[in-house]
Protein chains: 2
Amino acid sequence: MVTIRDVARASGVHVSTVSRTFSAPHLVNEKTRQAVLAVAAQLGYRPNRAARALTTGRTHNLGLIVADIANPFFPPLIKAAQGHARERDYHVFVADTDEDPVLEQELIETLSKQVDGVLLCSPRLSNQTIHRLRAEVPLVIVNRRVKGLTTVLMDVGQGARAAIDHLVGLGHRRIALLTGPPGSWTSGEIRQAATDRAAEAGVPLTVVGPNEPTEQGGLAAADKIAGHSAVLCYNDLVALGLIEGLVERGLSVPGDVSVIGIDDSLPGRLNRPKLTTITMPTAAAGRMAVDLLLAAVGAGEHAPHTTVRLETSLVIRESTQRASEP
Amino acid sequence: MVTIRDVARASGVHVSTVSRTFSAPHLVNEKTRQAVLAVAAQLGYRPNRAARALTTGRTHNLGLIVADIANPFFPPLIKAAQGHARERDYHVFVADTDEDPVLEQELIETLSKQVDGVLLCSPRLSNQTIHRLRAEVPLVIVNRRVKGLTTVLMDVGQGARAAIDHLVGLGHRRIALLTGPPGSWTSGEIRQAATDRAAEAGVPLTVVGPNEPTEQGGLAAADKIAGHSAVLCYNDLVALGLIEGLVERGLSVPGDVSVIGIDDSLPGRLNRPKLTTITMPTAAAGRMAVDLLLAAVGAGEHAPHTTVRLETSLVIRESTQRASEP
DNA sequence: GTGAAAGCGCTAACAG
DNA sequence: CTGTTAGCGCTTTCAC
């Protein structure tokens with residue numbers, strides 16, 4: 001391994017000069033700098049970030065913790081966050097908690113020494129624990145509201161209202177909502193927004209749930225929404241599962257039942273009929289979270305916290321249509 | 001931040017004793033050990049892995065580099081590799097190259113100091129460059145054959161042969177193969193295996209390609225496979241795009257055309273008809289790659305290299321059926 | 001079984 | 001502008 005010392009020796013300057021050429025170039029004579037750079041390049045020298053971190057206290061690493069990497073909701077967020085971080089010269093550790101709060105906490109703690117901050121996506125931890133961890137390492141939360149912490153939210157309520165309006169506008173009067181898991185912040189938001197809007201429109205809304213946030217969840221719900229002409233689902237996977245269940249029962253979508261998903265994930269776009277859904281700005285959320293985290297890192301311990309609420313919107317595709325006359 | 005020094009002070013022993021309690025417990029008196037552990041727990045001490053790495057040369061970190069995190073092929077692999085690494089007390093950096101070889105190389109180089117090894121999935125780098133990088137950091141390649149390096153391959157040829165057999169067995173005689181991008185190792189394997197097997201069976205096989213490895217690629221290919229009753233596609237996305245194109249043209253799947261994908265990805269399982277496809281053992285590949293990488297790390301510089309070939313198999317679902325009598 | 005001392009690769013005052 | 005010195009948090013000989 002070629003170190004700063006090798007470069008110093010080979011270019012006839014002191015190690016500190018080499019160090020400065022890389023971490024404070026303006027402090028070193030242009031000519032010396034060029035010389036050192038040349039030698040470094042020739043030797044294939046790369047600063048050791050871990051060693052640097054030891055003195056500076058900045059690792060230039062970020063942690064990104066998600067509940068389930070394989071859930072199609074997350075990859076676009078991970079991709080965007082990682083790319084954005086990279087452009088800012090940050091590497092990112094990605095870890096999957098398997099929905100296990102204990103593991104989640106363990107990960108944050110072991111990671112904390114090695115990163116400048118952690119992005120927590122849809123955390124399963126209690127607010128109290130999150131606050132405690134915040135004292136050890138800067139945290140930004142995505143997809144859940146935690147008082148007193150910097151948070152990036154996707155305003156799914158907005159999309160949910162648009163979804164209800166869309167359905168009501170199409171003449172639907174028997175609308176069901178399939179909710180998600182009990183602890184889900186998103187699910188609560190959707191429910192709230194959808195019921196409020198339905199009430200405003202004077203249309204009843206049947207809330208059915210909780211449901212597993214998977215295609216199985218949707219499939220299992222097919223029996224529970226009998227008699228409804230339109231269904232808003234917790235996510236695309238649930239919607240897709242529901243459609244499958246409906247088709248199995250000889251019902252057609254959108255002919256007999258209109259179905260709306262949430263997330264705008266790849267499987268939904270690929271479905272036939274193409275799924276009408278609420279787009280979640282996952283990529284933007286990932287980038288925004290990185291920006292906020294980096295800002296918090298710079299600001300130190302008691303930086304002011306922010307809540308950013310990103311817009312969502314309804315994408316009308318093929319799984320919804322005008323209600324058939326009763 | 002609580003360091004080894006704080007623990008030493010608080011428990012009245014020397015730092016080296018504290019160090020030993022964590023990194024070589026058998027070298028310290030049971031009683032002392034317990035005492036130190038208690039104090040450490042009470043203080044919330046966590047060893048700083050980065051600092052440890054400075055002396056030991058082992059970071060306990062791994063790098064995982066993929067072409068595109070959002071491609072549904074990768075998340076299961078990432079999830080499995082990360083989980084497996086975690087169980088072995090390793091953290092993993094995940095990075096996305098956006099299919100850019102320059103970025104890929106840059107990532108490996110900047111990561112190299114911070115990890116004990118790197119997992120390269122479907123690399124776009126030249127063999128020569130990969131070999132050069134191998135000198136800097138242990139590497140394991142997934143999904144591409146690189147002579148002289150440890151490699152984990154998924155034997156798609158096996159699945160492709162089974163796919164051709166399946167189609168021939170169903171009476172198909174006009175079979176097309178949609179290949180992938182020119183540089184793809186997988187695509188070459190599929191083509192080889194499929195053409196060989198078709199020849200053995202005395203059935204002609206039309207090779208169509210290269211195609212973009214996306215649904216657009218499949219969609220665009222719909223016109224090019226006219227006159228064929230069955231198509232084997234480079235991946236599930238291509239298959240799904242093709243099906244969409246076929247349906248747009250008034251053809252039914254599998255009624256008029258049987259379609260087989262490759263990967264066994266979520267969108268394929270969710271499709272109607274459910275996609276007949278070749279399962280790729282991505283999770284197993286991720287775990288295996290981690291094992292091999294860790295072994296290489298232990299063995300040092302010139303460890304022997306291995307090639308592991310994982311089995312694939314055909315999963316028959318609903319997108320294939322008996323050829324209609326001509 | 002435990003302490004003392006040196007050092008991993010690098011940065012950060014402080015002189016000069 | 002550059003060299004000297006000290007030290008980040010930890011491990012690892014080497015003594016005792």
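Residue numbers begin at 1 in each chain, while the letters A, B, ... track the order of the sequences.
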Which nucleotide in dC10(C), dC10(D), dT11(D) has an atom nearest any side-chain atom of T55(A): dC10(C)
Distance in angstrom units between L27(A) CG and dT11(C) C1', rounded: 12 Å
Spacing between R33(A) atom CZ and dC1(D) atom C1', to the nearest angstrom: 14 Å
Non-hydrogen side-chain atoms of F22(A) and L37(A) separated by less than 4.5 Å: yes
Residue pair L62(B) / L293(B), side-chain heavy-atom distance below 4.5 Å: yes
Contact residues, residues 4-25 of chain A to DNA chain D [heavy atom, < 4.0 Å]: V13(A), H14(A), S16(A), T17(A), R20(A)
D100(A) backbone acceptor or donor facing D98(A) side chain under 3.5 Å: no
Value in whole Å for how far the P atom of dC10(D) lies from CG of N48(A): 17 Å
Q114(A) and N61(B): side chain donor to acceptor below 3.5 Å: yes
Steps toward side chain to side chain contact (heavy atoms under 4.5 Å, CB included) verdict (D116(A), Y90(A)): CA-CA 10 Å; D116(A) 294 339; Y90(A) 270 77; 3.3 Å; yes
Sub-4.5 Å side-chain heavy-atom contact between R33(B) and P25(B): yes
Candidate nucleotides dT11(D), dT11(C), dG9(D), ranked by approach to the side chain of L54(A) - the nearest: dG9(D)
Earlier contact from the 5' end, DNA chain C, for N29(B) and A51(B): N29(B)
Aromatic ring pairing H91(A)/F93(B), orientation class (parallel under 30°, perpendicular over 60°, tilted between): perpendicular
Proximity to DNA chain D (any heavy atom under 4.0 Å), residues of residues 36-46 of chain B only: Y45(B), R46(B)
Residue of the set L292(A), L153(A), T151(A) for which side-chain contact (heavy atoms from CB on, under 4.5 Å) holds with V308(A): L292(A)
